[in-house]
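The shown structure was predicted, so the numbers you read here are calculated from the model rather than taken from an experiment. Letters A, B, ... are given to chains in the order of the sequence lines, protein chains preceding strands, and every chain is numbered from 1.
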Number of protein chains: 2
Amino acid sequence: MADGSRPTLTTVAEHARVSRQTVSNVLNSPEVVRPDTRERVLRAIAELDYRPNVVARQLRTRRSSVLGLRMPPASDGISGQVLDRFLHALTDEAQRAGLRVMLFTAEDDDAEIREYQNLRATTGIDGFVLANTHAGDPRTRWLADHGVPFVTFGRPWDTRRDDGGTTADHHPWVDIDGRAGTRAATQHLLDAGHRRVAFLGWPEGSGVGDDRFAGWHAALAGAGLADDVVVHRTADSVAQGVAAATRVLARDDVTALVCVSDSIALGALAAVREHAAQRPGRRAVAVTGFDDTPVARAVDLTSVAQPVGDVAARAVELLRSQIEGRDDVALDRQVLIEPHLVVRATSRAVR
Amino acid sequence: MADGSRPTLTTVAEHARVSRQTVSNVLNSPEVVRPDTRERVLRAIAELDYRPNVVARQLRTRRSSVLGLRMPPASDGISGQVLDRFLHALTDEAQRAGLRVMLFTAEDDDAEIREYQNLRATTGIDGFVLANTHAGDPRTRWLADHGVPFVTFGRPWDTRRDDGGTTADHHPWVDIDGRAGTRAATQHLLDAGHRRVAFLGWPEGSGVGDDRFAGWHAALAGAGLADDVVVHRTADSVAQGVAAATRVLARDDVTALVCVSDSIALGALAAVREHAAQRPGRRAVAVTGFDDTPVARAVDLTSVAQPVGDVAARAVELLRSQIEGRDDVALDRQVLIEPHLVVRATSRAVR
DNA sequence: GCGTTCGACTTGAACGATCCAACAACCGAC
DNA sequence: GTCGGTTGTTGGATCGTTCAAGTCGAACGC
């Protein structure tokens, strides 16, 4: 501090009248150092405000304690915010575990794979977090094939492999149980007395969307209402939500809408308001969304909240066990986390 | 690749029948190497797929080429998305310039300063980007006093210092010209024939808010309409936006609302819709927001877009000149970037 | 009493790059 | 033919840490 250059192991060693290695041992395996010596070294460390140079350490140990994350392309949708909160939680959890998060960008999956190679070769990044896997993702396969530690936020929806292998199928992942989420939302509406609960979803084929659909269906089936269901599928946008809801509301018996996303729910809300204006005195149609984005909070929309903090914590845990090479049998390598419903005005009454 | 371990400078040197240093020169100062030798070395590099180990380089040169950014606390407001897009742009620009972005979190300003020290001492981070400066910020002062390269996204609104010094006042920053933004929005409305354009803003005292207010006022003054203005100030939320707009719309002569943020504009839109429903046939009140968030796009709201890509590019540029130690006189150390208006449905006609 | 084991600590080498000073080769000049 | 200067190349030292092997003295068993 005083002379401008930072103290090193040797400085501390001289100060405590021991060797470099002993200081290093105090930090890395304190149990091999006699208590009184340890005490003396720790005092010297404190006095000099010594902090180990992680760069030098990394050069020797080939471990960086850095995680890589591709900055997901700025999605136009509202739900992009989930990734945002996840990133925050991930940084937090990683830091708590002594890891850092480093960002990078890439145009497409192939460019991302090239960046993996690059980051591994040049900076020695320890592992990666993938936040937006999709069906037939080449990235998980590449990482698995090259023995690079990684975790995905999101299940591998497509488990087929060209060569019939199964490596990618069993990679570690953490995900939100969307099915449980929509199920809870639907059950909440059924409990409130709604009998005709429609679903506004995405086109079939997206793993996430189908999963959420399944939850809604399961809840209705549980109540014996699955014989004649109302479903409308559409792209994820507010405008599409308005259109979809308007069509569904034409059926006058529908009293509640479970939406696959907050975007669609936001549109549905507008349609419901319109619909209600034409039928004064009638109880307004209830609406629920998914993701509990800030927008949902803003417009008082009931929504299914994704506990991204939990996801991040488990992701870091899974990565650590891979990086440290301990094949933790006790640790589930696939983690499904239950979301919870945040009940707000729109599922009670809409103005 | 084949034998599992990556090639080093020495490997390449042997392969090209030159010394380590010559290979290093080819990479770092190619002009000192004779063309034919250079060619031979480059071929060896390509054949072996050699990539310099940045960790070893960093240990020697004490330069990490890594920028630190505190992950801003997940703001509940919609405008938090601006930071999100900025983060993406920053990562992109940094990568283009051969830099990386590393994230960290901190509870408060003091903890953040401790993290600065920590990151500098242990990982040798080259510089920092501060994305959320506020009045009387201790962080900029600390960084300036310790000679750490940094740039802020946002002007220092409070220029006073306890000891009367001026260091912090002159730190490099990049910001969006909010005044120019609201001015453009207001002018756009005036051009469309509106005469009574109200302003929905934040409470006085926030630099950003006052700046945006000033732009609106300047536009009205330019049109000779500044004598009797309509202003309502409120906290940044959708609900507050509804309330504020409702009160302002009670004055029947107001035909347009310039809002300080998309959150408030979103609320205003709801109030306008209500207002219009009670006065069928009348031309609906126009609304503009600020930030051009995804929500604005979603509900077709005219808004002032912040060119975060430009901000990021200039920020990286300013950081580089500091890190590389070149006191670029030609480079403006304070950069104000003009936003642009994105005209959408809400400033033409509201349904 | 002597060899063996053990605990506590020290020493030299390595990680992979860059910096520095020295050196070989070449050119033209006297 | 020797010399000074330029250009291109070389080997050794260095950054700060950890690994592997080694030293030293005390405790132990027979």
Side-chain angles (χ1 to χ4, degrees), chain A residues 3-42 44-45 48-65 98 120-126 324-325, chain B residues 3-42 44-45 48-66 98 120-126 324:
Chain A
D3 71 352
S5 70
R6 297 210 51 85
T8 73
L9 266 192
T10 313
T11 321
V12 177
E14 284 165 5
H15 203 262
R17 311 200 159 279
V18 293
S19 70
R20 292 192 312 272
Q21 184 61 29
T22 302
V23 181
S24 171
N25 283 338
V26 168
L27 295 171
N28 299 316
S29 23
E31 70 281 0
V32 307
V33 180
R34 210 170 38 200
D36 58 331
T37 314
R38 184 164 54 211
E39 198 52 47
R40 190 152 38 98
V41 170
L42 285 175
I45 289 177
L48 297 172
D49 187 32
Y50 165 78
R51 328 235 182 141
N53 182 327
V54 302
V55 177
R57 171 180 293 168
Q58 182 184 350
L59 179 60
R60 193 70 181 90
T61 63
R62 350 224 84 215
R63 185 168 297 168
S64 64
S65 297
R120 293 277 291 180
T122 62
T123 73
I125 275 198
D126 281 343
E324 288 163 18
Chain B
D3 71 351
S5 71
R6 297 210 52 84
T8 74
L9 264 193
T10 312
T11 321
V12 177
E14 284 166 4
H15 203 262
R17 311 199 160 279
V18 294
S19 71
R20 293 192 309 274
Q21 183 61 25
T22 301
V23 181
S24 172
N25 283 338
V26 167
L27 294 172
N28 298 316
S29 22
E31 69 281 1
V32 308
V33 180
R34 208 169 38 200
D36 59 331
T37 314
R38 184 165 55 213
E39 197 52 46
R40 189 151 39 96
V41 170
L42 285 174
I45 289 179
L48 298 171
D49 187 31
Y50 165 78
R51 328 235 181 140
N53 182 327
V54 301
V55 178
R57 171 180 294 169
Q58 182 185 349
L59 179 60
R60 192 70 181 88
T61 64
R62 343 227 91 211
R63 185 167 296 168
S64 64
S65 296
V66 174
R120 292 277 292 179
T122 62
T123 73
I125 274 197
D126 281 343
E324 289 164 18

Taking the side chain as every heavy atom from C-beta outward, state whether Val41(A) and Val18(A) have any pair of such atoms under 4.5 Å apart.
yes

Look at Thr8(A) and dG16(D) and indicate whether a side-chain polar atom (N or O) is within less than 4.0 Å of OP1 or OP2.
no

Taking atom P of dT17(D) as reference, at what distance in whole Å does atom CD1 of Ile45(A) sit?
10 Å

Where does the chain B footprint on DNA chain C start and end, counting 5' to 3' with a 4.0 Å heavy-atom cut-off?
dG16(C) to dC20(C)

Between CD1 on residue Ile125(B) and OG on residue Ser64(B), distance to nearest 0.5 Å
6.0 Å

I need the full list of salt bridge (Lys or Arg N to Asp or Glu O under 4.0 Å) pairs touching residues 51-66 of chain B, with sequence neighbours left out, sorted by first then second residue.
Asp49(B)-Arg51(B)

With the side chain counted from C-beta on, respond yes when Arg40(B) and Arg17(B) share a heavy-atom pair under 4.5 Å apart, and no when they do not.
yes

Considering only heavy atoms, which members of residues 53-60 of chain A lie under 4.0 Å from some atom of DNA chain C?
Leu59(A), Arg60(A)

Thr11(B) vs Leu48(B) side-chain heavy atoms within contact, under 4.5 Å:
yes

Could you go over nucleotides 20-26 of chain D and give all protein N or O partners under 3.5 Å, atom names and distances?
none

Of Val18(B) and Thr10(A), the one whose closest nucleotide on DNA chain D sits nearer the 5' end is Val18(B)

With a non-hydrogen cut-off below 4.0 angstrom, is Arg62(A) in contact with a base, only sugar-phosphate, or nothing?
sugar-phosphate

Inter-residue atom distance Asn28(A).CG - Gln21(A).CD, 0.5 Å rounding:
8.5 Å

Let's see if you get this right: which residues in residues 23-38 of chain A place a heavy atom under 4.0 Å from DNA chain D?
Ser24(A), Asn28(A)

Under 4.0 Å, heavy atoms only, any strand: does Thr22(A) hit a base, just the sugar-phosphate, or nothing?
base

Begin with the C-alpha distance, continue with both residues' side-chain angles, and end with the deciding distance and a verdict on side chain to side chain contact (heavy atoms under 4.5 Å, CB included) for Val26(B) and Leu42(B).
CA-CA 8 Å; Val26(B) 167; Leu42(B) 285 174; 3.8 Å; yes

Step by step, work out the side chain to side chain contact (heavy atoms under 4.5 Å, CB included) result for Thr123(B) and Val66(B).
CA-CA 9 Å; Thr123(B) 73; Val66(B) 174; over 6 Å; no

Contact list for residues 24-34 of chain A, test salt bridge (Lys or Arg N to Asp or Glu O under 4.0 Å), sequence neighbours left out
Arg34(A)-Asp36(A)

Drop me the distance from Arg38(A)'s CZ to Asn25(A)'s CG, to the nearest 0.5 angstrom.
11.0 Å

Please tell me which of Ser19(B) and Arg20(A) maps to the more 5' nucleotide of DNA chain D, matching each residue to the nucleotide holding its nearest heavy atom.
Ser19(B)

Are Ser24(A) and Leu9(A) packed together at the side-chain level, in the sense that at least one heavy-atom pair is separated by less than 4.5 angstrom?
yes

Sidechain-backbone polar pair: Gln58(A) side chain, Ser65(A) backbone, donor-acceptor under 3.5 Å
no

Nearest atoms (heavy-atom pairs only) where Leu59(B) meets Leu59(A)
CD2-CD2, 3.4 Å

